[in-house]
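Here the structure is a predicted model, which means the values were calculated and not measured. So that the names make sense, note that chain A is the first sequence line, chain B the second, and so on, each numbered from 1.
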Amino acid sequence: MQVIVAREDEGVFVVLDSSGRRALPEAGFVEYLTRVERADAPRWVFPSVDRLYPVLLRAGLRISRCHDLSLTEGLLLAAEGRAGQPKALPAAWARLHGLEPPPDEPSAADAQPALFETRGSGLPAGVGVAEAAREVLADQDRRMKRVEHPERFRLLAAAESASALVAAEMRADGLPWRADVHDALLTELLGPRVPAGQRPKKLVELAARISEAFGGKAVNPDSPQTIVRAFGREGISIPSARAHVLRKVDHPAVPLLIEYRELARLHSANGWAWLDEWVAEGRFRPAWVVGGVVSGRWASSGGGALQIPKTLRVCVRADPGWKLVVADAAQLEPRVLAALSGDRRLAEASASTDLYARLSEAMFAGTMSAEEGRPRAKIAMLSAMYGGTAGEAASLLALLRQRFPDAVSYVEHAAQAGERGERVRSRLGRVSPAPSEAWRALTGGANDDSATESRARQAARNWGRFTRNFVVQASAADFTAVLLATLRRKLPEPAQLVFFQHDEVIVHTPGQLAAQVEAAIAESVAESTALTFGPACPVHFPMPAATVTTYADAK
DNA sequence: ACTTCCGAGCTT
DNA sequence: CCTAAAGCTCGGAAGT
């Protein structure tokens with residue numbers, strides 16, 4: 001059973017199912033949905049989960065499954081070679097009717113709330129939003145039958161839609177964040193809190209000592225150009241003021257600059273201003289952007305949720321009586337490559353929790369120790385997936401190719417396809433964008449002069465590196481989307497998914513349910529492996545879970 | 001005063 | 001730095 005739900009202008013909500021159409025005010029809408037969800041748990045169809053589901057969450061309603069028209073449209077457009085076109089309902093409907101598709105509105109998370117509420121549907125006057133959604137849904141059903149593996153693509157659309165539910169729920173629940181611990185940490189490292197725009201005491205002192213180290217001339221350590229010039233006056237020529245460049249310079253200002261930059265980074269990125277803006281009532285509530293990266297990885301908007309420095313993990317603490325269950329898919333990408341390529345020997349190596357140690361044995365047994373071999377095996381595998389050639393990488397990759405030819409040729413075929421300008425696809429059907437017209441013009445024909453020819457080869461290789469990585473990273477995103485969808489269903493009430501970062505989840509749970517949560521994670525990984533890569537997939541995906549009080553204790 | 005770009009650094 | 005790429009955010013600096 002499918003039920004379309006949508007918001008019309010002026011806070012009126014519409015429900016459309018086989019028995020007809022109902023227009024309801026918000027309160028009646030939520031009440032109706034609650035009743036139907038309890039009775040039938042239908043597949044709700046949303047023009048955009050991101051825009052509508054927060055309304056339901058605020059009223060205390062959680063739904064079990066849905067179809068997100070906007071996210072599915074994006075996946076379909078990519079699969080059809082039309083990536084980058086607007087994907088919201090008005091655009092999808094317009095394309096269906098041969099009209100010019102309007103550009104997507106900014107996401108609900110970014111929009112000004114007042115503007116967002118008063119905006120129209122974006123559809124022509126007289127076209128009902130639920131009726132437009134019904135047309136687009138039927139169209140998507142048709143188009144999903146025409147992709148290369150329709151059953152995989154349906155799973156992808158379902159998992160992506162469920163991911164959107166997770167993202168909205170994670171924002172509503174929030175990541176437990178102890179502002180008092182954060183404030184104490186800042187005070188310890190930077191000195192007492194100062195008003196916005198001012199340098200804390202510790203930074204003021206360091207800036208003064210830096211100027212002294214440069215002979216008393218004022219040097220603003222926040223300005224890279226000024227730092228480069230200051231070293232120039234000392235007779236030291238450096239290409240940039242990056243930390244790794246500074247570390248190689250022998251000068252009394254260097255350790256001060258490095259300390260200043262570390263503390264200034266903490267202050268500007270995650271200082272008191274960040275705390276005031278993003279943490280309230282013990283929760284950090286970022287906006288998560290499902291499919292915000294072309295590979296299908298999530299992005300975040302506001303608060304830098306995917307860039308939280310490790311030093312601040314101590315601030316992530318379970319509520320009294322609760323625990324955090326932190327689980328990380330170990331060496332996910334090489335295992336994904338094993339599953340994609342069907343490389344038997346790599347699949348056998350995946351039986352070990354420490355994949356790189358097993359690779360090292362396969363590559364270097366008898367020739368070097370595990371301590372020497374493991375980091376080289378890791379470089380070899382990462383070079384295969386990322387296209388690296390620097391240093392030893394090329395020779396290590398050649399050895400990896402000897403031992404695991406199917407895995408290495410899988411990514412090399414993806415790279416060659418990219419160099420030819422072809423698109424590549426993930427396991428469940430995410431498709432890479434086509435290269436730009438400028439890229440085609442540059443790489444398309446024979447170039448007269450050698451400089452242009454060299455740039456063309458460079459551009460082709462760069463795009464090949466992108467497609468090489470895409471097949472692995474996007475398939476990993478397939479797997480984690482299915483995992484999120486599965487885990488969401490299995491978590492015992494009232495445990496909540498509160499954080500997701502590419503291959504890692506945090507669940508906030510009452511302490512007595514932590515063991516059940518760990519079991520739910522293990523079951524979800526097993527089911528997601530079979531769903532994503534097939535029931536006979538021989539690859540092992542370890543996802544060790546740790547039950548802790550603070551995120552900092554997880555690894 | 002405002003916009004745009006760059007350098008830098010954080011995560012995976 | 002070391003193996004690659006993408007995305008977010010900040011502050012400084014340059015341009016309008």
Side-chain angles (χ1 to χ4, degrees), chain A residues 109-110 196-199 203 207 219-229 238-249 257-258 260-271 273-274 277-278 286-289 291-313 328-334 336 356 375-397 400 411 415 418 432-433 461-474 476-477 480 499-505 551 555:
Chain A
D110 299 335
Q198 286 184 26
R199 266 184 194 155
L203 293 181
V219 172
N220 177 5
D222 287 320
S223 165
Q225 293 180 20
T226 309
I227 294 169
V228 171
R229 282 199 299 269
I238 50 175
S240 75
R242 291 192 166 103
H244 68 93
V245 173
L246 294 182
R247 273 181 229 281
K248 283 185 261 177
V249 175
L257 276 167
I258 287 169
Y260 178 93
R261 294 274 284 279
E262 282 174 1
L263 294 175
R265 164 84 196 178
L266 177 66
H267 181 238
S268 72
N270 297 100
W274 181 91
E277 186 173 357
W278 292 105
W288 304 94
V289 185
V293 183
V294 282
S295 65
R297 277 187 169 190
W298 290 20
S300 68
S301 116
L306 298 175
Q307 292 88 32
I308 297 170
K310 288 183 174 158
T311 51
L312 290 186
R313 290 184 179 182
D328 184 320
Q331 299 137 6
L332 176 60
E333 294 193 346
V336 165
Y356 293 128
R376 287 180 170 80
K378 187 173 176 180
I379 287 173
M381 178 52 78
L382 293 174
S383 300
M385 294 187 299
Y386 297 140
T389 53
E392 298 184 274
S395 60
L396 291 171
L397 182 52
L400 187 76
V411 281
S432 67
R461 271 199 303 270
N462 286 347
W463 198 257
R465 267 210 303 279
F466 168 67
T467 53
R468 171 197 289 266
N469 185 239
F470 184 96
V471 292
V472 177
Q473 191 181 110
T480 54
F499 189 71
F500 169 60
Q501 186 169 226
H502 310 314
D503 58 3
E504 180 179 19
V505 295
Y551 186 20
K555 42 177 178 180

*Asks:* Has the side chain of A/Trp274 got a donor or acceptor atom that lies under 3.5 Å from a matching backbone atom of A/Gly303?
*Replies:* yes
*Asks:* So which nucleotide from C/dA6, C/dA5, C/dG11 ends up closest to the side chain of A/Arg465?
*Replies:* C/dA5
*Asks:* Between C1' on C/dT9 and CH2 on A/Trp278, what's the gap in Å once rounded to a whole number?
*Replies:* 11 Å
*Asks:* With distance as the sole test, does A/Ser223 use its side chain to make a donor-acceptor pair with the main-chain N or O of A/Asn220 at under 3.5 Å?
*Replies:* no
*Asks:* Starting at atom CD of A/Glu504, determine the distance to atom C1' of B/dT11, rounded to an integer number of angstrom.
*Replies:* 10 Å
*Asks:* Please confirm whether the ring centroid of A/Phe500 lies under 6.0 Å from the ring centroid of A/Trp298.
*Replies:* yes
*Asks:* Any side-chain donor-acceptor pair under 3.5 Å between A/Arg199 and A/Tyr260?
*Replies:* yes
*Asks:* What does the 5'-to-3' dot-bracket notation of DNA chain C look like when only Watson-Crick and G-U wobble pairs under 3.5 Å count, and pairs to other strands show as |?
*Replies:* ....||||||||||||
*Asks:* Under 3.5 Å, which N/O atoms of the protein pair with N/O atoms of nucleotides 5-10 of chain B?
*Replies:*
from, atom 1, to, atom 2, distance (Å)
B/dA8, OP1, A/Ala241, N, 2.6
B/dA8, O3', A/Arg261, NH2, 2.5
B/dG9, OP1, A/Ala243, N, 3.3
B/dG9, OP1, A/Arg261, NH2, 2.8
B/dG9, OP2, A/Ala243, N, 3.2
B/dG9, N2, A/Arg265, NH2, 3.4
B/dG9, N3, A/Arg265, NH1, 3.1
B/dC10, O4', A/Arg265, NH2, 3.4

*Asks:* Applying salt bridge (Lys or Arg N to Asp or Glu O under 4.0 Å) as the test, list every pair that has at least one member in residues 301-310 of chain A; sequence neighbours left out.
*Replies:* none
*Asks:* Looking at A/Ser268, I'd like to know whether one of its side-chain N or O atoms comes within less than 4.0 Å of OP1 or OP2 on C/dT9.
*Replies:* no
*Asks:* How long is the span from the CZ atom in A/Phe499 to the CG atom in A/Leu306, to the nearest 0.5 Å?
*Replies:* 6.0 Å
*Asks:* Taking the side chain of A/His502 as heavy atoms from C-beta outward, which of C/dG12, C/dT3, B/dT12 is closest to it?
*Replies:* B/dT12
*Asks:* Could you tell me whether A/Arg297 and A/Glu333 make a salt bridge, using a distance below 4.0 angstrom between a side-chain N and a carboxylate O?
*Replies:* yes
*Asks:* Distance check needed: C/dC8 P versus A/Trp298 CH2, whole Å only.
*Replies:* 14 Å
